[in-house]
Structure formats: structure tokens, C-alpha cells
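Take a look at the structure below.
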Amino acid sequence: RFIITYCGSYGEQYRECFKRFLSLIPSENPVQVLIAPHPKYQGAIEKELCAAHDWKNAIFRIIGNWEENPENKASTMEAVRIADLVITSDATSTVVFQANGIKKRVGLVNQLSPTAVETFIVSKGLIERFNTSEEIQAGYSEPSSNPSEPFILMGIPREGDRLLWETFAN
């Protein structure tokens with residue numbers, strides 16, 4: 001199964017963005033969706049909205065470090081690591097940059113007017129805007145559209161850890 005990790009955020013728009021994400025899950029192919037809610041809410045919104053849907057080919061699992069069930073106890077980064085595609089509603093989320101750092105394809109599901117920062121991040125290829133289930137489904141087989149090194153795009157020098165060590169070790 002193709003694995004999508006959806007990383008939650010918070011704010012007034014979040015509920016609508018998550019509903020939008022659910023409406024875009026392709027129904028034709030088998031998919032597993034790992035939902036990593038913002039820790040502040042521990043999945044309250046996601047559990048409610050997922051319960052209202054009945055997908056034939058999708059398996060949903062809400063994960064988090066607060067979960068008691070060991071099958072659902074996982075960090076966001078663990079879910080990102082095993083994902084084929086990472087989706088969020090916030091282009092400025094740290095998850096966008098973390099996922100790019102390990103060469104994951106990252107998508108944005110947010111129908112609000114884009115901010116200047118969001119537009120910049122999309123223009124640099126760090127995240128793709130998804131508006132249809134076909135665009136998400138294309139992610140099942142297409143490689144990431146970002147051919148550049150994410151660290152270079154973010155202005156982080158190669159061997160930055162060595163440079164940092166040399167700066168502070170002396």
C-alpha cells in the first residue's frame with residue numbers, strides 16, 4: 001500500500017483543511033493514511049472527521065506519542081520517514097523542511113489564499129499544492145518534483161555541522 005502521512009497543524013482554518021484533505025483521498029488505489037495531529041489536540045478533530053467517512057481502499061491510523069495503543073504510538077518524524085508522500089495544511093510547518101531533508105515528496109492542502117512565504121516555498125519546490133485527488137494519486141508513482149538539494153534551497157551550507165563545530169570548538 002502507498003503510505004500518506006498527514007501532519008496536522010492548528011488554527012481556525014485547520015478543520016476545513018483537514019476536511020479538504022479527506023475529500024482528496026483517492027478511492028481507486030489502496031492507501032494507508034497515517035495522521036499525525038498537532039500534539040495540542042491529540043487527534044480530537046481528526047478522529048471525529050475520519051469517523052464520518054467510509055473508504056473502501058483506505059486505512060486510516062491516528063498516531064502520536066501520547067497514544068496508549070503501541071500500534072499507534074509513534075512520532076511525527078517516524079511517520080514521515082516511512083511515508084511515500086507527506087501532506088500538510090501549513091507550508092511553513094517544520095515538517096515541510098524535515099521531510100525535504102530526507103527527500104520526501106511534500107504536498108499542501110490548503111484552499112486559503114496563499115501567503116507570500118507560502119508562495120515562495122512552493123516556488124522553490126519544497127512543497128506542491130494539491131487541489132485534486134488526481135494530483136495526489138499522481139504522487140503514487142511520480143518521483144519528487146524537487147531535483148535540488150533541499151539544504152541548498154534553504155541556504156544551509158554543505159557540511160554545516162563541521163563548519164558549526166569548527167566555529168564553536170575553538
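Within the 4.5 Å cutoff, the side chain of V33 has no heavy atoms near those of the F2 side chain. Between T5 and I87, every side-chain heavy-atom pair lies at or beyond the 4.5 Å cut-off. In this structure, the side chains of R20 and R15 stay at 4.5 Å or more apart for every pair of heavy atoms. Residues T76 and V95 meet the side-chain proximity criterion, which asks for heavy atoms closer than 4.5 Å. Side-chain contact between L49 and H53 is absent, with no heavy atoms from C-beta onward closer than 4.5 Å. The shortest distance between side-chain heavy atoms of R105 and D84 does not fall below 4.5 Å.
No donor-acceptor distance shorter than 3.5 angstrom exists from the side chain of S9 to the backbone of S89, with no hydrogens or angles considered. Looking at E135, its side chain does come within 3.5 Å of a backbone N or O of T132 through a donor-acceptor pair. Within the 3.5 Å criterion, the main-chain N or O of P114 finds no donor-acceptor partner in the side chain of R129. Not one N or O on the side chain of K73 forms a donor-acceptor pair closer than 3.5 Å with the backbone of E68. Using a distance-only test at 3.5 Å, with no hydrogens or angles considered, a donor-acceptor pair links the side chain of E78 to the main chain of S75. No donor-acceptor pair closer than 3.5 Å links the side chain of S133 to the backbone N or O of I25.
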Salt bridge (Lys or Arg N to Asp or Glu O under 4.0 Å) between E128 and K104, worked out: CA-CA 12 Å; E128 301 172 56; K104 295 295 178 172; over 6 Å; no

From CA spacing to verdict: side chain to side chain contact (heavy atoms under 4.5 Å, CB included), V109, C17: CA-CA 6 Å; V109 176; C17 290; 5.5 Å; no

Derivation of the side chain to side chain contact (heavy atoms under 4.5 Å, CB included) call for N29 and Q137: CA-CA 8 Å; N29 295 323; Q137 193 161 341; 2.7 Å; yes

Steps toward side chain to side chain contact (heavy atoms under 4.5 Å, CB included) verdict (I82, L34): CA-CA 10 Å; I82 66 170; L34 301 176; 3.6 Å; yes

CA sep, side-chain torsions, deciding dist, call: R61, E71, salt bridge (Lys or Arg N to Asp or Glu O under 4.0 Å): CA-CA 9 Å; R61 182 174 299 232; E71 292 180 3; 3.7 Å; yes

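Among all heavy-atom pairs drawn from F60 and A58, the shortest one is CE1-CB, 3.6 Å. Nearest heavy-atom pair, I102 versus V80, reported as atom, atom and distance to 0.1 Å: CD1-CG1, 4.0 Å. For the pair C7 and V86, the tightest heavy-atom approach, listed with the atom from each and the gap, is SG-CG1, 4.1 Å. Minimum heavy-atom separation, N72 to I62: CB-O, 3.4 Å. Scanning all heavy atoms of the two residues, the minimum distance from Y14 to G8 falls at OH-CA, 3.5 Å. Taking each heavy atom of N131 and L24 in turn, the nearest pair found is O-CD2, 3.6 Å.
We find the CD1-CD1 distance between I45 and I35 to be 12.0 Å, quoted to the nearest 0.5 Å. Atom CD1 in I127 sits 8.5 Å away from atom CZ in F97 (nearest 0.5 Å). Within the model, atoms CG of L108 and OG of S93 stand 10.5 Å from one another, a figure rounded to the nearest 0.5 Å. Atom CD1 of I4 sits about 5.5 Å away from atom CG of L85, to the nearest 0.5 Å. With rounding to the nearest 0.5 angstrom, the OH atom of Y10 is 7.0 Å from the NZ atom of K40. If you take CZ on F120 and CG on L126, they are separated by 8.0 Å, rounding to the nearest 0.5 Å.
Counting non-hydrogen atoms of other residues, nucleotides and ligands closer than 6.0 Å to CZ of R81 gives a total of 12 or fewer.
Residues K19 and E46 are not paired through a salt bridge, judged by the lack of any N-O separation under 4.0 Å between the basic side chain and the carboxylate. A salt bridge links E67 and K47; the closest N-O separation between the charged side-chain nitrogens and carboxylate oxygens is under 4.0 Å.
For T94, the side chain to side chain contact (heavy atoms under 4.5 Å, CB included) partners at least two apart in sequence or on another chain are Q98.
When ring centroids are compared, Y6 and F18 come within the 6.0 Å threshold.
A single hydrophobic cluster is seen to contain both V117 and V106, as judged by linkage of ILVMFWY side chains at heavy-atom distances under 4.5 Å, directly or through other members.
Between the side chains of T92 and D90, at least one donor N or O lies within less than 3.5 Å of an accepting N or O.
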